Amino acid sequence: MNTAVHAPLTFLVLSGSRRSGSLNTRLASLARAAIEAAGASADLVSVKDFAVPDYDGDRERSDGVPEGAERFRERLEQAHALVVASPEYNASVPGVLKNLIDWTSRFRPQPFNELQTLLMSASPSMVGGNRGLWALRVPLEHLGSRVYPDMFSLASAHTALDGDGRIADPTLWGRFEANVRNFMSLVEATTHYPCVKQAWVEYLGEQPDPATDRTQSATHPVTADQAPGPA
């Protein structure tokens with residue numbers, strides 16, 4: 001019997017909104033509380049904590065990657081997994097969040113590669129910001145993140161969250177809590193048991209190949225023509 005004692009897992013919980021009183025920041029706070037209640041450590045941050053200018057390849061060549069992206073990279077590397085609560089802007093991902101991802105992807109080794117990630121959203125709309133999460137999956141999966149299949153979107157969030165910031169409906173709360181705990185179980189398994197990590201990659205149908213891998217390691221840097229942002 002394996003009696004190894006593992007260190008507690010650490011999760012980075014990111015709100016994709018800079019707005020004071022954001023519904024997604026409130027949802028991110030709930031995720032942090034659920035993670036901590038399950039015995040892990042969670043740090044709650046916002047894109048506002050990692051301010052970066054619009055991506056500009058000329059600026060990167062002259063000044064390097066900005067400090068905000070450097071601090072975000074450090075936080076990613078300190079965590080076992082990432083949870084993102086993101087708003088939906090015009091049926092897509094907020095530009096400020098996409099821009100932070102673009103800048104941070106410029107580091108080598110690239111910090112999103114193989115990072116277990118859970119996506120969630122909250123919106124006053126009836127779809128709960130879910131379309132924005134599908135858009136957010138694209139750059140994250142392109143960069144090699146293992147995005148959890150089950151996303152959580154809270155519809156009519158302005159009324160679904162009570163005065164204490166909790167999800168008032170017990171059925172919805174149960175679904176939210178189960179989503180977080182199931183993700184935590186996957187992170188624990190892939191962190192401590194490499195055979196599970198290999199099985200998960202094979203389940204996704206991925207066959208890593210250095211010739212076609214687009215996540216780029218330190219020995220295979222992206223060229224200027226492959227940089228994110230406008231050409």
Side-chain angles (χ1 to χ4, degrees), residues 11-29 31 43-79 81-123 125 128-148 151 153 214-218 221-231:
F11 292 77
L12 184 65
V13 183
L14 173 70
S15 169
S17 175
R18 294 186 294 192
R19 184 176 63 83
S20 175
S22 161
L23 293 170
N24 283 277
T25 299
R26 294 167 68 184
L27 188 65
S29 181
D43 294 325
L44 177 61
V45 295
S46 162
V47 289
K48 195 173 185 178
D49 301 323
F50 309 104
V52 290
D54 292 342
Y55 180 81
D56 182 335
D58 291 337
R59 179 167 185 163
E60 181 187 2
R61 281 188 288 273
S62 63
D63 302 333
V65 180
E67 181 185 355
E70 168 67 28
R71 286 187 278 107
F72 186 49
R73 177 190 67 84
E74 291 174 353
R75 299 300 293 271
L76 289 174
E77 292 181 345
Q78 292 167 3
L82 173 67
V83 178
V84 182
S86 174
E88 173 185 293
Y89 287 2
N90 296 321
S92 189
V93 58
V96 64
L97 177 56
K98 176 62 165 58
N99 189 51
L100 178 60
I101 292 171
D102 288 343
W103 269 118
T104 309
S105 73
R106 303 299 291 157
F107 289 104
R108 299 294 174 267
Q110 194 268 99
F112 296 102
N113 188 31
E114 299 189 358
L115 179 66
Q116 299 288 350
T117 304
L118 173 64
L119 302 183
M120 56 182 61
S121 60
S123 171
S125 76
N130 185 261
R131 294 167 300 185
L133 296 187
W134 283 108
L136 180 56
R137 292 186 74 101
V138 174
L140 290 174
E141 290 181 333
H142 168 81
L143 292 169
S145 291
R146 310 304 188 201
V147 182
Y148 193 60
M151 303 182 293
S153 294
R214 302 187 69 183
T215 59
Q216 289 94 21
S217 67
V222 173
T223 66
D225 291 339
Q226 294 171 298

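From a predicted model like this one, the values you see are computed outputs, not experimental measurements.
Dense packing is recorded around CD of Glu74, with more than 12 heavy atoms of other residues, nucleotides or ligands lying under 6.0 Å away. The number of heavy-atom neighbours closer than 6.0 Å to CG of Asp63, taken from other residues, nucleotides and ligands shown, is above 12.
Rounding to the nearest 0.5 Å places CG of Leu100 at 10.0 Å from CZ of Arg71. Separating the CD atom in Glu141 from the CG atom in Leu143 is a distance of 10.5 Å, to the nearest 0.5 Å. Note that the CG atom of Asp43 and the CZ atom of Phe11 stand 11.5 Å from one another [nearest 0.5 Å].
The two residues Leu136 and Ser86 have their closest heavy-atom pair at CD2-CB, 4.1 Å. Pro87 and Pro94 make their closest contact through O-CD, 3.3 Å (heavy atoms, listed as atom of the first residue, atom of the second, distance). Of all heavy-atom pairs between Arg26 and Gly21, the closest is CD-O, 4.2 Å. Considering all non-hydrogen atoms of both residues, Trp134 and Asn130 come closest at NE1-OD1, 2.9 Å. Between Asn99 and Pro53 the shortest heavy-atom distance is ND2-O, 2.8 Å. Shortest non-hydrogen contact noted between Ser121 and Asn24 is CA-OD1, 3.3 Å.
Side-chain contact between Val84 and Leu97 is present, with heavy atoms from C-beta onward closer than 4.5 Å. Put simply, the side chain of Phe112 does not reach to within 4.5 Å of the side chain of His142, judged on heavy atoms. The shortest distance between side-chain heavy atoms of Leu140 and Leu115 does not fall below 4.5 Å.
Using a 3.5 Å distance cut-off with no hydrogens or angles, the side chains of Ser17 and Thr25 do not pair a donor with an acceptor.
With sequence neighbours left out, the side chain to side chain contact (heavy atoms under 4.5 Å, CB included) criterion links Asp58 to Asp56, Arg61. The side chain to side chain donor-acceptor pair (under 3.5 Å) test applied to Ser29 returns no partner, not counting sequence neighbours. For Thr104, the side chain to side chain donor-acceptor pair (under 3.5 Å) criterion is met by no residue, not counting sequence neighbours. Residues passing the side chain to side chain contact (heavy atoms under 4.5 Å, CB included) test with Val45, sequence neighbours excluded: Leu12, Leu14, Asp49, Phe50, Arg75. In this view, Glu77 and Arg73 satisfy the side chain to side chain donor-acceptor pair (under 3.5 Å) rule, not counting sequence neighbours. Arg19 meets the salt bridge (charged side-chain N to carboxylate O under 4.0 Å, His left out) test with no other residue; sequence neighbours excluded.
Tested against Val13, the residues Leu118, Val83, Leu27 include a single side-chain contact (heavy atoms from CB on, under 4.5 Å) partner, Val83.
In terms of modelled atom types and a separation under 3.5 Å, the side chain of Trp103 and the main chain of Glu60 share no donor-acceptor contact. For the pair Glu88 (side chain) and Arg131 (backbone), a donor-acceptor distance under 3.5 Å is present. Between the side chain of Arg137 and the backbone N or O of Tyr148 there is at least one donor-acceptor pair closer than 3.5 Å. With hydrogens and angles ignored, the 3.5 Å screen pairs a side-chain donor or acceptor of Arg108 with a backbone N or O of Ser105.
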